[in-house]
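Excluded from the calculations below are hydrogen atoms, water molecules and symmetry mates; all remaining heavy atoms, backbone and side chain alike, are included.
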Amino acid sequence: MLLILLAGVAAGALNAGGGGGSFVALAALVGAGMPPVTANATTTVALLPGNATSAWVYRRELEGFQRPSPARLTLASVCGGALGAGLLLLLPSASFDAAVPWLLAFATLVLAFGKRLTAALRLGQPGPATILAGQFLLAIYGGYFGGAVGLMMLAFWTATTTLDPARGNPLRVIQVAAVYLTAAVIFVFAADVLAQPSQLVVMLGGAIIGGYAGAHVVRRLPAGVLRALVLGTAVLMTGLFFVRAFG
């Protein structure tokens, strides 16, 4: 339980910064014996309050789009998150178990090379409908798995809008919270996240502490230190899941 609490604190703090908290939370719950699908759903529910806490800290620093509006962007996140959560519950659990290491590897590559990819694929200024469609697809991924989805959002916004990525973190936190909100509601009622309530409550409490404290601390950390911390965590957790799957 102490390890789950510490994982929750770390996950909340990481999500308040550059993202990547789901790597830690998912690994801790699976390590505690929880099935991967249930662990993924529990991670989404447990990290939601931490994301909401970070969003509250960032509320005065929010910078969004003019077209589409932040409200329409959030609506796309909510709808996509619900669809992704539904896919997680409807698809066979064995397919998710097999996909987890590869999803983690994909998310890690995005963490490592997202900025270079964004620079290489600079897309100019597409219309609001294109941006909303892209946000909806990212939200589906976020509801289904969620690893590095916040960084993917930042990369996508940087490639398609004039939003400065250095100022996009508050908006990222808001949109990830929107994805987690609808997914969490679905998981609470349709998944087995309440079957082990003690683990859920412990991680949830840790995520709230980490989300609130992390949002304050992250703003004082050098960007390079934060990026190295998030990427190092992603690489470690990806390696552990590959060892678990194929070792």
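- Among residues two or more places apart in sequence or in another chain, the side-chain contact (heavy atoms from CB on, under 4.5 Å) test is passed with V173 by S54, A55, Y58, N169.
- I209 and M1 are members of different hydrophobic clusters when ILVMFWY side chains are connected at heavy-atom separations under 4.5 Å.
- P92 and S95 get closest at one heavy-atom pair: O-OG, 2.5 Å.
- Annotation: the span from M203 atom CE to L6 atom CG amounts to 10.0 Å, rounded to 0.5 Å.
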Enumerate donor-acceptor pairs with a distance under 3.5 Å from any side-chain N or O in residues 36-43 to protein atoms, sequence neighbours excluded.
residue : atom : partner : partner atom : Å
N40     : ND2  : Y144    : O            : 2.9
T42     : OG1  : T38     : O            : 2.7
T43     : OG1  : A39     : O            : 2.8

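- For the atom pair Q199 CD and L3 CG, the distance stands at 11.5 Å (nearest 0.5 Å).
- For V176, the side-chain contact (heavy atoms from CB on, under 4.5 Å) partners at least two apart in sequence or on another chain are N51, V149, M153, R172, Y180.
- In this structure, L171 and L73 approach most closely via the heavy-atom pair CD2-CD2, 4.3 Å.
- Of all heavy-atom pairs spanning F187 and G143, the tightest one is CZ-O, 3.7 Å.
- Summarising the geometry of A11 relative to G21, their closest heavy-atom pair is CB-O, 3.2 Å, with the distance given to 0.1 Å.
- Distance CD1/I208 to CG/L47: 10.5 Å, rounded to 0.5 Å.
- The nearest pair of heavy atoms linking Q175 to P70 is NE2-O, 4.1 Å.
- Between the T182 side chain and the V78 main chain, a donor and an acceptor come within less than 3.5 Å of each other.
- Placement of V179 and V193 within a single hydrophobic cluster is found when ILVMFWY residues are connected by side-chain heavy-atom separations under 4.5 Å, directly or transitively.
- When all heavy atoms of L132 and A76 are compared, the closest pair comes out as O-CB, 3.9 Å.
- Legend: residues meeting side-chain contact (heavy atoms from CB on, under 4.5 Å) with L75, ordered by chain and number and at least two apart, are C79.
- In this structure, CG in L88 is found 13.5 Å from CD1 in I140, a value given to the nearest 0.5 Å.
- Applying the side-chain contact (heavy atoms from CB on, under 4.5 Å) test to A52 and every residue at least two apart in sequence or in another chain returns nothing.
- Residues V45 and L83 are members of one and the same hydrophobic cluster, defined by side-chain heavy-atom contacts under 4.5 angstrom among Ile, Leu, Val, Met, Phe, Trp and Tyr.
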What donor-acceptor contacts under 3.5 angstrom involve side-chain atoms of residues 23-30, with partners at least two apart or in another chain?
none

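- One finds the CG atom of L137 at 8.5 Å from the CZ atom of F156 (value rounded to the nearest 0.5 Å).
- Residues V188 and V185 share a single hydrophobic cluster, defined by chaining ILVMFWY side chains whose heavy atoms lie under 4.5 Å apart.
- Within 6.0 Å of atom OH in Y212, 12 or fewer heavy atoms from other residues, nucleotides or ligands are found, so the atom counts as exposed in its surroundings.
- Cluster annotation: F189 is connected to L194 through the hydrophobic network of ILVMFWY side chains, with a link wherever side-chain heavy atoms come within less than 4.5 Å.
- Atom CZ of residue F106 and atom OH of residue Y141 lie 6.0 Å apart, to the nearest 0.5 angstrom.
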